[in-house]
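Note that the structure is predicted; figures quoted are calculated from it, not measured.
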Amino acid sequence: MAAPCRMMASRSLLQFLSCFSRTAVGNAGFRQFSSTSVCRAALQSQCVTERPASPWTLMAAVCLQRLPVISADLSPIEQQFKDIMYQMELEKSVLSDHELRLLEDADRLSRKQADDYDSDEEDVKDQEIILAQDLEDSWEQKLRKFQPEPRAKADVDKDLTSLERCLSNTLLLLAEQQVGSEKMWLLPQTQWQEGETLRQTAERALASLPAAGFKATFLGNAPCGVYKYKLPKALRTVSSVGRKVFFFKAILSESSPPAAPNAPILWVKKSELQRYLKPAYMMQVERLFLSL
């Protein structure tokens with residue numbers, strides 16, 4: 001019994017399959033194995049396992065924007081159009097209840113000043129009469145006490161780490177990233193890991209910031225842009241030439257606690273990007289900037 005087993009073990013897999021294909025299994029409706037197809041499949045699997053890794057490292061970055069909180073200041077032509085529309089609305093509108101009450105009070109006062117005035121004709125008993133003009137005076141006093149918040153705060157607008165700056169503008173989040181031996185201002189990014197999607201990588205990049213706590217709404221599962229750059233020559237290797245960064249858009253959904261004064265993040269306007277981003281990178285980011 002040991003001798004036949006030893007002979008079967010000494011045969012190669014290819015010989016065994018070729019012998020198996022000549023048996024009568026075809027009568028049972030099975031497809032016969034071909035030695036050429038088996039060799040082709042073996043070669044393909046060998047090529048897959050020996051395929052070299054890409055020299056480009058995949059990255060995902062998030063373009064997080066804070067939308068305007070208040071309306072922007074009107075331009076001169078917008079202010080003129082607003083005044084015209086207000087005047088047209090005033091001329092075509094009907095009288096409000098308060099305006100009708102003012103007319104009634106004026107009519108009552110004119111009747112009281114007439115010589116033939118009879119107080120018994122007034123349908124007013126022992127009640128205190130509050131005139132519409134008295135109400136206007138009280139409202140005017142309350143309005144004088146009301147102090148609206150300023151639309152712009154010089155001290156806050158200069159703090160680039162504050163979410164309260166430039167409330168009438170769209171702001172973009174930048175983070176300080178280490179690229180080789182140099183620190184640069186970029187969109188928050190991190191390297192893709194095996195087993196996760198690029199969007200999950202972008203979400204991880206946002207959550208890994210030192211000033212974490214941002215709650216964002218991502219606009220889709222697919223990237224909206226890509227940027228490719230090479231590493232400095234001193235850092236390039238055969239297996240690592242550069243980076244491919246895939247951008248994802250996101251909108252800040254909830255305000256986060258204020259960041260520390262020295263936090264490595266910035267909230268910048270579109271006009272301020274050139275101060276912190278390199279020209280080639282800024283061209284890609286400007287396309288994603290949703291300026292409202």
### Query
What residue among Asp157, Val156, Ile70 forms side chain to side chain contact (heavy atoms under 4.5 Å, CB included) with Leu167?
Ile70

### Query
Roughly how far, to the nearest 0.5 Å, is the CG atom of Leu198 from the CG atom of Asn221?
11.0 Å

### Message
Can you confirm whether more than 12 heavy atoms, excluding those of Asp137, are under 6.0 Å from its CG atom?
### Response
yes

### Lys249 side chain near Phe218 side chain, heavy-atom distance below 4.5 Å
no

### Message
Show the nearest heavy-atom pair for residues Leu173 and Pro188, with the distance to one decimal.
### Response
O-CD, 3.7 Å

### Summary
Checking Tyr276, Tyr229, Tyr227 against Tyr281 for ring pair (Phe, Tyr, Trp, His ring centres under 6.0 Å), the one that qualifies is Tyr227

### Query
For the atom pair OG1 (Thr201) and CG (Leu58), what is the distance rounded to the nearest 0.5 Å?
9.0 Å

### Task
Determine, using ring centers only, whether Trp139 and Phe146 are less than 6.0 Å apart.
no

### Query
Looking at CD of Glu104 and CZ of Arg101, how far apart are the two atoms once the value is rounded to the nearest 0.5 Å?
8.5 Å

### Residues Lys153, Glu164; criterion salt bridge (charged side-chain N to carboxylate O under 4.0 Å, His left out); working and verdict
CA-CA 9 Å; Lys153 299 179 180 179; Glu164 303 299 324; over 6 Å; no

### Between CG on residue Leu252 and CG on residue Leu163, distance to nearest 0.5 Å
6.0 Å

### Message
Between Val226 and Phe247, is there a side-chain heavy-atom distance shorter than 4.5 Å?
### Response
no

### Closest contact, heavy atoms only, Ile265 versus Phe214
CD1-CZ, 4.0 Å

### Task
Nearest 0.5 Å please: distance from the CD atom of Glu203 over to the OG atom of Ser208.
12.0 Å

### Query
Are Gln65 and Thr170 linked by a side-chain donor-acceptor pair shorter than 3.5 Å?
no

### Message
Using the rule given for side-chain hydrogen bond (donor to acceptor under 3.5 Å, both in side chains), can you reason through Gln79 versus Asp83, listing the C-alpha separation, both sets of side-chain angles and the distance that settles it, and then say yes or no?
### Response
CA-CA 6 Å; Gln79 185 63 43; Asp83 296 338; 3.3 Å; yes

### Message
Between Leu102 and Gln133, does the side chain to side chain contact (heavy atoms under 4.5 Å, CB included) criterion hold? Intermediate values first, please.
### Response
CA-CA 7 Å; Leu102 282 173; Gln133 188 62 43; 4.2 Å; yes

### Query
Can you tell if the side chain of Ile251 reaches within under 4.5 Å of the side chain of Leu219, non-hydrogen atoms only?
yes

### Query
Only one of Gln177, Lys228, Lys244, Gln191 forms a side chain to side chain contact (heavy atoms under 4.5 Å, CB included) with Met59, so which one is it?
Gln191

### Message
If you define the side chain from C-beta out and look only at heavy atoms, does anything of Trp185 sit under 4.5 Å from Lys278?
### Response
no

### Message
The test is side chain to side chain contact (heavy atoms under 4.5 Å, CB included); show your working for Leu277 and Leu174 and say whether it passes.
### Response
CA-CA 9 Å; Leu277 304 182; Leu174 298 181; 4.1 Å; yes

### Message
Are the side chains of Glu196 and Arg204 in contact, using a 4.5 Å heavy-atom criterion?
### Response
yes

### Query
Which pair of non-hydrogen atoms, one from Arg165 and one from Lys269, has the smallest distance, and what is that distance?
NH1-N, 4.2 Å

### Query
If you measure from CD on Glu136 to CG on Leu143, what distance do you get to the nearest 0.5 Å?
12.0 Å

### Taking every non-hydrogen atom, the tightest pair across Ser71 and Ser168
O-CB, 3.8 Å

### Message
Looking at every heavy atom in both Gln189 and Leu186, which two are closest together, and how far apart are they?
### Response
NE2-CD1, 3.9 Å

### Task
Compare all side-chain heavy atoms of Asp134 with those of Leu131 and state whether any distance is below 4.5 angstrom.
yes

#### Entry: Greater than 12 external heavy atoms within 6.0 Å of Leu90's CG
yes

### Query
Under a 4.0 Å N-O cut-off, is there an ion pair linking Lys82 with Glu78?
no

